Amino acid sequence: MKHWFVIFFVTATFLLEAQPTIDSAFRVPVISPMFLSEDGPKVLVDEAHNNLHRKEGGLYSFTRMMEEDGAQVFANDQVFTEEVLIKYDLLIIVNALHDSNVGNWQNPCPSAFTKGEIEAIVAFVKNGGSLLFVADHMPYGGAAQDLAKRLGIEWSNSFAIQNGRHWPPSVFDRNHNTLFDSPVTTDTGYGKKVSRIGSFTGSVFKASEDAIPFLIYDNSHAILMPDVAWQFSEETKNENASGWYQGACLKHGKGKMILLGEAAMITAQVRGKAKIGMNSPDAPENAQLALNIFRYLVTN
């Protein structure tokens, strides 16, 4: 136990001292736009729930990708209701957080959404809307739990770490049976096959039997459940991550969802000299996965 505690102390100190910035120069290649912009899908990016990654923030490169593919992308600053959501084809929620956890990353970690908002989101998907729902490591996993449970998903308020280290990133690939075929990882009419995806810590979840997981942990990772984010010790609750998911496709009623337990994999950021996300040399196919995810969610 002691060896990973020392390593976590070093990496956590690095993370706290060097805050990431947006790599605004990075672009996801969109060779042939799928939609004409005036007829493109309407996308709503949540910014009303203390979201860490926003339309022109951490999701800058993802937003540019959607727009270059013909989407109309809007930022949300309202409470979720069925009347708000019905105007859109795709809802994106990344790292939402309850007010009590802003600047206070410790337990308890209440839901980022009210019961009324959860029912509005569920109705939106059930009636044919699409949802990209991303919840990263603690406290974001905790903030996601009530919505996830309503959708039949068990989300862990935790950290997923490989062999006691945070860096370099974790890798999901076909050779190690951690990346699997799904509507967003194979050749389709809207996407191309991916075989290797980089992930930058994150959380884990499990979904119902009808889910199609495409990123699945093996026994090389541990799930750590501290009471305060980034504060680990020999007493920190932990279990092996084998069999837990970090990416899955799931349908609910008439709608489609993509669930991700890690946000940086679809961003492009820089921390010091390190590139984090789709721009990282450790994540050469993440950009293609991002495009596949978007196109899957907005096509019939």
Side-chain angles (χ1 to χ4, degrees), residues 1 3-5 7-8 10-11 15 28 132-138 140-141 153-156 158-188 191-225 232 236-250 257-269 271 274-293 296:
M1 288 284 198
H3 65 284
W4 62 252
F5 172 61
I7 294 171
F8 282 144
V10 173
T11 56
L15 288 165
V28 176
L132 172 56
F133 186 48
V134 187
D136 218 313
H137 59 67
M138 178 202 181
Y140 299 107
I153 304 154
E154 177 187 355
W155 215 292
S156 175
S158 60
F159 286 74
I161 305 285
Q162 182 179 20
N163 294 328
R165 61 176 173 80
H166 170 75
W167 197 266
S170 301
V171 172
F172 294 85
D173 63 27
R174 296 181 185 275
N175 292 336
H176 293 89
N177 293 317
T178 52
L179 188 152
F180 296 86
D181 284 347
S182 75
V184 297
T185 53
T186 55
D187 287 318
T188 62
K192 296 181 180 179
K193 181 178 180 178
V194 295
S195 298
R196 185 178 188 273
I197 296 299
S199 171
F200 305 79
T201 312
S203 64
V204 299
F205 63 89
K206 289 182 178 179
S208 56
E209 291 183 358
D210 56 346
I212 304 175
F214 55 89
L215 302 177
I216 306 180
Y217 282 104
D218 61 15
N219 60 14
S220 66
H221 285 70
I223 302 169
L224 302 176
M225 294 159 276
F232 306 96
T236 299
K237 296 177 183 178
N238 69 91
E239 64 177 272
N240 193 274
S242 180
W244 286 79
Y245 306 160
Q246 197 167 75
C249 307
L250 186 63
M257 299 183 288
I258 293 289
L259 313 171
L260 295 176
E262 203 275 308
M265 70 168 74
I266 58 169
T267 71
Q269 304 175 69
R271 180 184 284 120
K275 293 185 177 182
I276 301 169
M278 297 185 289
N279 55 339
S280 169
D282 295 299
E285 297 181 74
N286 283 42
Q288 184 62 57
L289 176 65
L291 186 59
N292 291 354
I293 286 172
Y296 166 71

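These numbers come from the heavy atoms of this one structure, side chains and all, not from hydrogens, waters or symmetry mates. Remember, predicted model here, so these are calculated numbers, not experimental data. When a residue number appears, it is its place in the shown sequence, counting from 1.
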**Q** So how far is it from F133 CZ to L259 CG, rounded to the nearest 0.5 Å?
**A** 8.0 Å
**Q** Sequence neighbours excluded, which residues qualify as side chain to side chain contact (heavy atoms under 4.5 Å, CB included) partners of A160?
**A** V204, Y217
**Q** Looking at T236, is its backbone amide N or carbonyl O close enough to the side chain of N238 to form a donor-acceptor pair, meaning the two atoms are under 3.5 Å apart?
**A** yes
**Q** Give a yes or no on whether the backbone of A287 and the side-chain of E285 come within a donor-acceptor separation of less than 3.5 Å.
**A** no
**Q** Begin from the C-alpha positions of S156 and I223 and carry the test side chain to side chain contact (heavy atoms under 4.5 Å, CB included) through to its verdict.
**A** CA-CA 9 Å; S156 175; I223 302 169; 4.0 Å; yes
**Q** With a 3.5 Å cut-off and no angle check, do the side chains of H221 and S170 form a donor-acceptor pair?
**A** yes
**Q** Say you draw a straight line from CE of M138 to OG of S203; how long is it, rounded to the nearest 0.5 Å?
**A** 12.0 Å
**Q** For S199 and Q246, does a side-chain donor sit closer than 3.5 Å to a side-chain acceptor?
**A** yes
**Q** In Å, rounded to the nearest 0.5 Å, how long is the span from CD1 of I293 to SG of C249?
**A** 7.5 Å
**Q** Please indicate whether K275 has more than 12 foreign heavy atoms, meaning atoms of other residues, nucleotides or ligands, lying under 6.0 Å from its NZ.
**A** no
**Q** Side-chain atoms of residues 208-216: list all donor-acceptor pairs with protein atoms under 3.5 Å, sequence neighbours left out, distances to 0.1 Å.
**A**
{"unit_1": "S208", "atom_1": "OG", "unit_2": "D210", "atom_2": "OD1", "d": "2.4"}

**Q** Which heavy atom of P183 sits nearest to which heavy atom of T188, and what is that distance?
**A** O-CG2, 3.9 Å
**Q** Does D218 form a side-chain hydrogen bond (donor to acceptor under 3.5 Å, both in side chains) with S220? I'd like the steps, not just the answer.
**A** CA-CA 6 Å; D218 61 15; S220 66; 2.5 Å; yes
**Q** Which residues satisfy the side chain to side chain contact (heavy atoms under 4.5 Å, CB included) test with N292, sequence neighbours excluded?
**A** V184, V194, Q288
**Q** Who passes side chain to side chain contact (heavy atoms under 4.5 Å, CB included) against A135, sequence neighbours left out?
**A** A144, W155
**Q** Within the structure provided, determine whether D282 and V171 are in side-chain contact (heavy-atom separation under 4.5 Å).
**A** no
**Q** Sequence neighbours left out, what passes side chain to side chain contact (heavy atoms under 4.5 Å, CB included) with N219? Give chain and number order.
**A** N240, S242
**Q** Please list, chain by chain and in numerical order, all residues satisfying side-chain hydrogen bond (donor to acceptor under 3.5 Å, both in side chains) with N279, sequence neighbours excluded.
**A** D23
**Q** Contact between N286 and I266 at the side-chain level, heavy atoms closer than 4.5 Å - yes or no?
**A** no
**Q** Nearest 0.5 Å, please: how far is CZ in R196 from CG in N175?
**A** 10.0 Å
**Q** Check whether any side-chain N or O of T186 sits under 3.5 Å from a backbone N or O of K193 as a donor-acceptor pair, and report yes or no.
**A** no
**Q** Tell me the closest heavy-atom pair linking Y245 and K206, and the distance in Å.
**A** CD1-CA, 4.2 Å
**Q** Using every non-hydrogen atom in the two residues, find where G261 and F205 come nearest and quote the distance to one decimal.
**A** N-CE2, 3.9 Å
**Q** Which heavy-atom pair separates I276 from R271 by the least distance, and what is that distance?
**A** CD1-NH1, 2.9 Å
**Q** Partners of D181 by salt bridge (Lys or Arg N to Asp or Glu O under 4.0 Å), sequence neighbours excluded?
**A** R174
**Q** At their closest point, which heavy atom of G277 faces which heavy atom of A283, and how far apart are they?
**A** O-CB, 3.4 Å
**Q** Check side-chain hydrogen bond (donor to acceptor under 3.5 Å, both in side chains) between S280 and all other residues, then give those that pass, not counting sequence neighbours.
**A** none
**Q** Is it true that a side-chain atom of D136 and a backbone atom of A263 form a donor plus acceptor pair closer than 3.5 Å?
**A** yes
**Q** Could you check whether any side-chain N or O of T185 sits under 3.5 Å from a backbone N or O of F180, counting only pairs where one atom can act as donor and the other as acceptor?
**A** yes
**Q** Show the nearest heavy-atom pair for residues F200 and P169, with the distance to one decimal.
**A** CE2-CG, 3.2 Å
**Q** Among L260, I197, L179, V28, which one satisfies side chain to side chain contact (heavy atoms under 4.5 Å, CB included) with L289?
**A** I197
